[in-house]
Participant: 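Just passing along the structure, written as structure tokens.
Atom set for the values below is all heavy atoms of this structure, side chains included, hydrogens, waters and symmetry mates excluded. Nothing fancy with the numbering, it's 1 onward along the sequence. No experiment lies behind these values; they were computed from the predicted model shown.
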Amino acid sequence: MSEALNDKAFPVSWDQFHRDARALAWRLADKGPFEAMVTVTRGGLVPAAIVCRELNIRTIDTVSIASYDYDGAGEQKQGDIYVLKSVSSKLRETRGKGILLIDDLVDTGKTATALREMLPDAHFATVYAKPKGRPLVDTFITEVSQDTWIYFPWDLGYSFVPPIAKDD
């Protein structure tokens, strides 16, 4: 990740993410009923588990799209879109009608554009949204600036943090 992204870090704890995903379910409750859910692996799996429980959605499919990679310096960067696993043909035939599409975040909109091409009539919901991708989602909980890097709880570990004031 670049130095600029490092300056605007947005760490999200498990508790906060669970609250935000439940808030997303509350916002979606009157938008259905949804016959099925499609979630984007890997980041969409956690909010999908929470939302499908809250909305009692039993039919769940996944789509696997890769867009982030590591450069030579070990920093994450967004590149080309690669569909590693598409949505089932049965769900694609519906064009997304009656389908809830879930992801953790919409960032630049590259992944969201590919998803909209697959399922143009789906209701697309994310927990977090950045300005470039926000027009592509129907429902979200929190907007962060484009230059903010979200640290999801599954990307974090516990470690010692030294106190601000140091003993002399």
Participant: Scan side-chain atoms only and decide if S145 and D147 contain a donor-acceptor pair under the 3.5 Å cut-off.
Facilitator: yes
Participant: Looking at K8 and Q146, would you say the former's side chain and the latter's main chain have a donor-acceptor pair under 3.5 Å?
Facilitator: no
Participant: I'd like to know if the side chain of R42 and the backbone of S64 have a donor-acceptor N/O pair within less than 3.5 Å.
Facilitator: no
Participant: Honestly curious: do L100 and W26 fall in one hydrophobic cluster under the side-chain, below-4.5 Å linking rule?
Facilitator: no
Participant: Do D61 and K85 have side chains that get closer than 4.5 Å, going by heavy atoms?
Facilitator: yes
Participant: Quick one: does T39's side chain have a donor or acceptor within less than 3.5 Å of a partner on G44's backbone?
Facilitator: yes
Participant: Any chance you could pull the hydrophobic cluster mates of L84, using side-chain heavy atoms under 4.5 angstrom and chaining through other members?
Facilitator: Y82
Participant: Name all residues meeting the salt bridge (Lys or Arg N to Asp or Glu O under 4.0 Å) criterion together with R95; count only those two or more places apart in sequence or in a different chain, and write none if there are none.
Facilitator: D121
Participant: When you measure from the side chain of R27 to the backbone of T139, do you find a donor-acceptor pair of N or O atoms at a distance under 3.5 Å?
Facilitator: no
Participant: Would you call the rings of F152 and F17 parallel, tilted or perpendicular if under 30° counts as parallel and over 60° as perpendicular?
Facilitator: perpendicular
Participant: Which residue, T142, D20, D104, forms the side-chain hydrogen bond (donor to acceptor under 3.5 Å, both in side chains) with Y128?
Facilitator: D20
Participant: Taking only residues two or more places apart in sequence, or in another chain, which ones meet E54 in a salt bridge (Lys or Arg N to Asp or Glu O under 4.0 Å)?
Facilitator: R22
Participant: Counting only N and O atoms by type, is there a donor-acceptor contact under 3.5 Å from the side chain of D138 to the main-chain atoms of F124?
Facilitator: yes
